Amino acid sequence: MKQESSMLFSPIYINNLEVKNRIAYPSLGLVYSYDRKLNSRYVEFYKARAAGGAGIVTVGPCGVDFIGSGIAFLAIDNDEAITSFQELTSEIKNAGAKSWIQLFHSGAYTHPFLIDGKEPMAPSAVYSKYSKTTPKEMTPEDIENVIDAFAKAANRAKKAGFDGVEIIGSAGYLITQFLSPKTNQRTDEYGGTIDKRLKFPVDVIKRVRKEVGPDYPVTIRVAGNDFVENSNTSKEAAYFAKAYEESSIDAINVTGGWHETKVPQLPSVLPESGFTYLALNIKRAVSVPVMASNRISSPLAAEKILRDGCADMVNLGRVLIADPEWPLKAEHGRYDEIRPCVACSQLCTDEVFSGRPVGCIGNPLAGFEKERKLEKSDISKRVLVAGAGPAGLEAAITAAKRGHKVEIYEKSGSIGGQLPLAAAPPHKNEFAEFIRYYKTMVKKYRIDLFLNSEVDMELIKKRNPDFIVAATGAEPVMPPFKGIDDPGVISAWDFLKNDSFVGKNIAVIGGGAVGLETALFAASKGTISPETLEFLFSYNAEEIEVLKELLFKGSVKVTVFELLAKVGKDVGKSTKWVLLDNLKKHGVDIITEAEVLSVANRTVLYKKDSKEQSMEFDSLVIAAGSKPVNSLGSMLKSSKYSFTEIGDCTTPGNVGHAIHGGYLAALKI
């Protein structure tokens with residue numbers, strides 16, 4: 001049912017341009033080429049987001065010159081690029097969206113290896129923690145050249161058919177470097193007072209406006225708060241926004257802080273819509289449309305932002321990577337059909353920061369729109385799927401979409417496999433949204449689901465399917481430690497699943513992702529909830545320091561033992577620091593290079609620095625990995641049936657490994 005009264009799907013004007021709804025796909029690095037040029041992978045990706053119903057699709061970041069972007073970003077710094085961008089803008093418009101482009105210069109954030117070892121440029125020669133280099137201080141001629149590069153790039157964008165251009169003035173890139181007293185130490189007209197630091201972005205805006213004319217939409221993406229010590233706060237951000245409006249900016253896109261901030265910008269630790277207050281702060285200062293960004297996941301949250309008057313549009317970045325059809329599904333009230341973005345960062349942020357192409361753990365088509373296109377099968381087959389974890393569920397739904405008759409058998413009493421375990425630790429609850437999605441799709445495609453039904457050869461002979469998908473999962477590894485079967489020794493899986501009572505002092509054996517998240521789960525026991533914190537803070541019931549202690553000091557003391565020199569080997573680089581920071585705040589002790597010898601009698605006997613040591617605990621939780629459960633596959637190998645094995649029953653991996661494997665397997669049936 002279409003949501004007729006929704007503000008989210010009402011039109012809005014930017015300058016004189018009407019946009020059909022309040023949803024924008026923002027510029028996000030994709031790393032689909034290393035030659036600075038568009039290719040079919042980019043085109044298919046952006047086309048899918050436009051066809052999915054977004055009002056604006058923003059292409060980029062696109063470098064305005066080589067020194068400010070390098071080889072890993074698209075570029076619009078020469079006239080030869082116009083033709084290929086014309087093809088892309090036509091595709092976006094034909095799909096029903098307005099096409100935008102983000103004009104990009106990273107300044108000191110440029111990594112030298114991306115610009116052939118050349119020296120990055122910035123307002124001042126201040127060492128960058130992000131690029132780990134000291135840039136060259138820009139001369140007046142350099143400044144003029146960069147301003148001119150922005151203007152000429154905007155002109156090319158207009159010729160290429162883009163409906164609007166966005167100037168990047170956020171994330172710690174060049175414009176924010178000019179704005180910040182931390183990175184701008186100039187003594188000329190571009191440095192010193194706040195108005196002098198403002199001169200560079202204002203000059204860029206004015207020159208771009210002169211180049212494209214008064215009726216062409218020009219917007220800017222800004223940092224609502226740098227979240228960096230000795231830099232700009234939300235107070236200065238509002239001042240900057242007002243100056244931008246006075247300089248002819250048509251809309252302001254508000255995001256969080258710099259890349260080097262210690263305030264998480266994207267991971268699940270940031271609450272949904274957590275930075276909307278930054279957009280409201282800007283909206284109070286200006287009259288042009290304001291866009292809110294960061295962790296806006298659900299249609300209800302997006303609608304609330306608009307209805308509460310916090311912003312005029314919302315940016316859906318990773319959300320539209322996870323499901324490009326989010327807008328169409330939301331518009332027609334099909335909320336439960338939306339593939340979730342769980343803010344894991346595993347195949348998006350982690351990949352782009354590692355210089356690899358962006359994808360999505362939950363959407364096997366993201367970045368593979370052409371190669372993995374789903375098509376109907378010539379022959380409809382009867383398919384039996386053994387296992388209702390994410391691999392089996394994705395395979396079943398994909399096979400059903402292709403026209404096969406599918407039935408799923410699951411030995412437990414519920415679907416999801418390890419998804420409930422993944423959703424148990426703090427800030428990971430959104431992993432349970434996969435279960436919501438798959439339940440909806442199983443029902444939509446009329447897939448027969450049989451719970452508490454283990455697949456064996458007797459069942460297979462009875463059902464006699466044309467094809468079998470074995471997705472029987474994995475089980476936890478319990479190492480052969482002395483005392484492994486003692487009372488008080490449990491697997492991390494059992495602990496997370498049953499939320500067992502473990503006493504006040506526990507050990508976690510294993511410092512990988514599961515071990516660390518299990519440790520945080522245990523250490524969070526007894527801490528106050530956000531609602532309790534709000535209550536105590538509102539009534540000044542406790543001092544601030546006491547509230548901090550109540551947030552992080554619970555009823556359980558946790559110690560992690562890890563054999564390697566560092567923990568979190570399998571945790572993504574963009575989220576590892578957040579997890580380790582939370583473990584530190586919760587007082588979790590981590591002992592590395594510790595070879596555990598025994599867990600008998602609730603005592604961890606371990607060797608470190610060639611010395612045997614021991615510590616006593618109330619409970620010991622084993623997080624030593626998992627191993628495949630593939631007995632069904634072994635039986636099928638000697639049978640007449642056609643089959644495939646997918647997911648953890650082949651090689652244990654993460655949720656993305658399971659979902660992608662399930663999808664690809666179903667394409668071959």
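Note that the structure is predicted; figures quoted are calculated from it, not measured.
Counting non-hydrogen atoms of other residues, nucleotides and ligands closer than 6.0 Å to NZ of Lys182 gives a total above 12. More than 12 heavy atoms of other residues, nucleotides or ligands sit less than 6.0 Å from atom OH of Tyr127. Crowding of Lys443 atom NZ: a count of heavy atoms from other residues, nucleotides or ligands under 6.0 Å not exceeding 12. The neighbour count for Lys129 NZ, taken as heavy atoms of other residues, nucleotides or ligands under 6.0 Å away, does not exceed 12.
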* To do: Start with the C-alpha distance between Leu8 and Ile23, add both sets of side-chain angles, then the distance that settles side-chain contact (heavy atoms from CB on, under 4.5 Å), and finish with yes or no.
  => CA-CA 7 Å; Leu8 191 60; Ile23 298 169; 3.8 Å; yes
* Would Val508 and Val558 satisfy side-chain contact (heavy atoms from CB on, under 4.5 Å), going step by step from the backbone distance to the final call? -> CA-CA 7 Å; Val508 175; Val558 183; 4.0 Å; yes
* Pair Leu278-Asn294, side-chain contact (heavy atoms from CB on, under 4.5 Å): steps then yes or no -> CA-CA 10 Å; Leu278 296 174; Asn294 296 59; over 6 Å; no
* Apply side-chain contact (heavy atoms from CB on, under 4.5 Å) to the pair Phe521 and Asp499, showing each step before the final yes or no. => CA-CA 9 Å; Phe521 177 75; Asp499 195 8; 3.4 Å; yes
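The main-chain N or O of Gly512 is never found under 3.5 Å from a side-chain atom of Asp570 such that the two would form a donor-acceptor pair. The backbone N or O of Asn225 sits nowhere less than 3.5 Å from a side-chain atom of Ser234 that would complete a donor-acceptor pair. Of the possible donor and acceptor atoms, one in the side chain of Asp323 sits under 3.5 Å from a partner among the backbone N and O of Arg339. Remark: the backbone N or O of Ala395 is not paired with any side-chain donor or acceptor of Thr398 at under 3.5 angstrom. Panel note: side chain Gln265, backbone Gly257; a donor-acceptor pair is recorded below 3.5 Å. In this structure, Glu543 contributes its side chain and Glu545 its backbone to no donor-acceptor pair below 3.5 Å. The backbone N or O of Lys132 sits nowhere less than 3.5 Å from a side-chain atom of His111 that would complete a donor-acceptor pair. Looking at Ser128, its side chain does come within 3.5 Å of a backbone N or O of Ser131 through a donor-acceptor pair. Remark: the backbone N or O of Glu337 is paired with a side-chain donor or acceptor of Lys329 at under 3.5 angstrom. Put simply, the side chain of Asn654 gets close to the backbone of Gly656: a donor and an acceptor are under 3.5 Å apart.
Contact record, Ser412 with Glu410: OG-OE2, 2.7 Å, taken as the closest heavy-atom pair. The shortest heavy-atom contact between Ala330 and Tyr335 is O-CE2, 3.4 Å. The minimum heavy-atom distance between Thr650 and Pro628, with the atom names listed, is O-CG, 3.8 Å. Heavy-atom minimum distance, Pro364 versus Arg372: O-NH1, 2.8 Å. Nearest approach of Asn630 to Thr472, heavy atoms of both residues: CA-OG1, 4.1 Å. Closest approach of Ile321 to Cys360, counting heavy atoms only: CG2-CB, 3.9 Å.
Counting heavy atoms from C-beta outward, Leu597 and Lys482 have side chains that stay 4.5 Å or more apart. Using a 4.5 Å heavy-atom cutoff, the side chains of Ile296 and Asn315 are not in contact. Residues Ser414 and Ile435 fail the side-chain proximity criterion, which asks for heavy atoms closer than 4.5 Å. Side-chain contact between Leu393 and Ile408 is present, with at least one heavy-atom pair separated by less than 4.5 Å. The closest side-chain heavy-atom distance from Leu533 to Leu547 is below 4.5 Å. Counting heavy atoms from C-beta outward, Phe431 and Cys344 have side chains that approach closer than 4.5 Å. Here the side chains of Ser491 and Met478 are in contact, with some heavy-atom distance below 4.5 Å. Taking 4.5 Å as the limit, every side-chain heavy atom of Pro426 sits out of range of all side-chain heavy atoms of Asn582.
Arg318 and Ser297 form no side-chain donor-acceptor contact under 3.5 Å, judged by distance and modelled atom types alone. Side-chain contact, Thr532 with Ser529: a donor N or O sits under 3.5 Å from an acceptor N or O.
Cys348 contributes atom SG, which lies 7.5 Å from atom CG of Leu266 (distance to the nearest 0.5 angstrom). Going from atom CD1 of Ile506 over to atom CD1 of Ile490 covers 7.5 Å, rounded to the nearest 0.5 Å. The line from CD1 of Ile659 to CG of Leu664 is 12.0 Å long, rounded to the nearest 0.5 Å. Distance CD1/Ile646 to NE2/His657: 9.5 Å, rounded to 0.5 Å. Between the CG atom of Leu520 and the NZ atom of Lys585 there is a distance of 11.0 Å, given to the nearest 0.5 Å. Rounding to the nearest 0.5 Å gives a distance of 7.5 Å between OG1 of Thr518 and CZ of Phe495.
Between Phe552 and His586, the two ring planes are perpendicular [angle over 60°; tilted spans 30° to 60°]. Aromatic ring orientation, Tyr539 versus Phe535: tilted (interplanar angle from 30° to 60°).
Phe275 has its ring centre less than 6.0 Å from the ring centre of Phe227.
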Distance-only criterion, 3.5 Å: show the donor-acceptor pairs between side-chain atoms of residues 613-625 and protein atoms not counting sequence neighbours.
from   : atom 1 : to     : atom 2 : distance (Å)
Gln613 : OE1    : Tyr606 : OH     : 3.4
Asp618 : OD2    : Lys504 : N      : 3.0
Asp618 : OD2    : Asn505 : N      : 3.0
Ser619 : OG     : Val502 : O      : 2.8

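Using a 4.0 Å cut-off between a side-chain N of Lys or Arg and a carboxylate O of Asp or Glu, Asp350 and Arg356 do not qualify as a salt bridge. Salt-bridge annotation for Lys304 and Glu272: absent, with no side-chain N of the basic residue lying under 4.0 Å from a carboxylate O of the acidic one.
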